[in-house]
Amino acid sequence: MNFVAPTSFPDTLGPSALKGVKVLLINMPIREQARPNNPPVGPALLAGRLREYGAEPNIVDLNIYRIQDEEAARRGLEFGRSLTFAEARALLARTLDKIGPQHVIGLSGLITTLTWQTEVAKIIRDLDPDAMLVSGGGLATQFRTTLLDWIPELDAVSHSEGDDVILKMALDAKTIRDLGFDRANKSGRLAPYFHDTRNGRPRFFYQGYRTADLDVLPWPAYDLLKEDVDGFPVLETYLNTPVWGGSAKNSSATSFDMPRSISTISSRGCPFACKFCFRGGQGERNYGVRSAQNIADEFLHYRDCYGVEFIALLDDNFMVSPKRITELADILEPYARDGKLQWGTHGRLDEAADLRPDRNGGYKKADVRRVDEMARAGCVYIGFGAESASARTLDAMGKGGFMLSNGITKINGYEFPLTMVEGIRNTYASGIHGNCTWIMGYPGETLPDLQTSVAFIRWQEEEISKGLTPGSDEHKRALASINKALFTATAYPGTEMFQAPKVMASLEQVFGLTFDAKTKQPLPDENYRKYVLELNDASKMIANSDGRPLNYSDMPDDQFVEVRSMLDAGKLDEVLSL
Ligand code: SF4
């Protein structure tokens with residue numbers, strides 16, 4: 001069969017077009033200091049898609065393992081350490097022994113997984129030399145064909161959303177296996193993604209795109225995670241790990257427990273354009289949603305099938321459409337009433353504030369607020385990327401328009417955007433726990449800017465404590481539910497922030513990157529690769545081998561380092577008194 005236009009591609013495939021095609025998807029480890037809390041939803045979605053056409057997918061989730069041993073204790077890793085490369089190799093070897101050689105082996109992970117993908121690619125090339133080895137997801141979307149040079153074992157890179165292009169990948173691998181590369185290539189069936197050949201191996205550059213209708217996609221094939229090759233209960237471990245909250249050890253504090261939870265996605269992309277945010281793997285600015293009915297059906301399926309009481313929607317921005325929220329509330333309200341089916345997601349504080357501009361240049365409150373409708377649907381948690389409470393910094397981040405349009409209000413001597421204050425008040429009033437995450441050290445940020453964010457955190461504590469007896473358990477729990485951790489501004493390639501003059505200058509000085517004057521893109525040299533290897537989830541400050549920090553703010557380096565260590569120690573009041 002010849003390849004046709006991408007948007008109609010899956011329609012031309014019969015249900016057994018990929019019969020007998022074996023695909024192994026490998027999820028990379030991340031955030032060793034935290035318990036693994038989210039099953040690999042991307043690989044599980046792709047596996048579900050492959051099964052629709054007769055393929056045989058499997059998933060190895062290298063992120064689920066946390067080993068408690070002397071090494072973990074030595075490194076102070078409360079939940080245990082990730083596998084070593086040797087342990088990962090042994091696990092992959094046992095898995096491949098069981099499932100046999102594969103047509104396609106896919107590596108997936110965020111930009112922070114370059115080290116792991118580099119090592120696993122070598123392992124796979126050795127264990128299953130004939131498999132088409134592909135990198136997809138966040139790292140691949142950010143670096144595209146550069147990754148073919150940085151990880152020479154790769155046969156293919158696939159960027160953006162893979163729901164449809166994974167099928168073409170499996171088909172290409174099958175065609176090559178059936179015909180041999182030369183005949184397959186001459187037949188034209190490897191078009192349009194065949195890139196070149198290197199060392200006798202064909203290389204491909206797959207360009208993902210948004211599938212026509214998100215509602216027709218199968219739900220994540222979580223059943224494939226039931227247990228690993230050794231019988232380790234992968235899925236059950238996730239179900240018993242809270243997605244958010246104190247025991248998840250991430251920046252997402254909650255005021256409630258979630259005994260059994262699971263994650264999924266209800267929308268792709270985000271229509272906004274904050275300068276630090278990279279959304280490449282999840283739809284970029286192309287916002288698309290699943291219907292309320294489709295989401296509700298999935299929720300009920302998880303409740304019935306896995307006994308979960310909490311579902312996390314990992315959307316970048318769930319709250320864009322008030323209409324969809326009301327539709328969801330109309331369906332889920334009866335189930336939400338008994339408190340046995342709760343959920344949480346991410347949104348923006350201006351969506352929670354729901355203030356509408358009026359004709360006199362002021363604003364009026366929405367008749368029906370999104371947060372109230374979400375509470376009616378059983379939502380108990382919203383993660384807000386507040387990032388900063390300083391008007392100047394919000395403007396610099398590209399968040400000023402929607403966060404500052406209703407003006408400023410003065411509280412405790414600090415000037416806060418009214419939208420942020422209203423967003424928090426509405427959320428608390430609805431009964432939903434609103435968790436803000438923050439960034440310190442954004443380009444141009446001064447100490448007073450940062451202090452405004454810290455003062456907002458303190459104000460949130462006051463606000464959530466209203467009516468509670470000081471010192472009571474309830475009061476202590478409320479205070480503990482306010483997130484007090486701040487991320488360090490991190491320049492991820494592909495973001496607008498990465499091309500800010502201050503950022504480019506710091507990356508040149510501290511890490512020796514070289515930017516092309518015209519394109520403002522860094523040369524893909526060893527210095528750039530080393531910088532990417534240093535990237536983490538923004539929970540830590542990045543410094544070069546001489547200890548010089550990457551500081552994009554307007555604070556001098558010594559003050560930046562001092563403030564960072566105060567924040568790491570939870571000494572917020574010391575930051576306020578500087
Ligand atoms: S930070 Fe949030 S609102 Fe801004 S672009 Fe990213 S996902 Fe959208």
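As the structure is a prediction and not an experimental result, all values here were calculated from the model. Order of listing sets the numbers, starting from 1, for every ligand and every atom in it.
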(request) Identify whether the distance between the nearest side-chain nitrogen and carboxylate oxygen of D163 and R49 falls below 4.0 Å. (result) no
(request) For F272, take its heavy atoms, then give the atoms of ligand 1 lying under 4.0 Å from any of them. (result) 5 (S)
(request) Go through the structure and list residues passing ring pair (Phe, Tyr, Trp, His ring centres under 6.0 Å) with Y528, not counting sequence neighbours. (result) F143, W150
(message) Can you tell me if, anywhere in C277, an N/O/S atom lies at a distance from atom 4 (Fe) of ligand 1 that is smaller than 2.8 Å?
(response) no
(message) Could you tell me, atom by atom, which parts of ligand 1 come under 4.0 Å of a heavy atom of C270?
(response) 3 (S), 5 (S), 7 (S), 8 (Fe)
(request) Run the numbers on F318 and W343 for ring-ring contact (aromatic ring centres under 6.0 Å, His included), then give the verdict. (result) CA-CA 12 Å; F318 169 86; W343 56 279; 5.2 Å; yes
(message) Run the salt bridge (Lys or Arg N to Asp or Glu O under 4.0 Å) test against D557 and tell me which residues pass, sequence neighbours left out.
(response) none
(message) Within ligand 1, which atoms have a heavy atom of R348 less than 4.0 Å away?
(response) 3 (S)
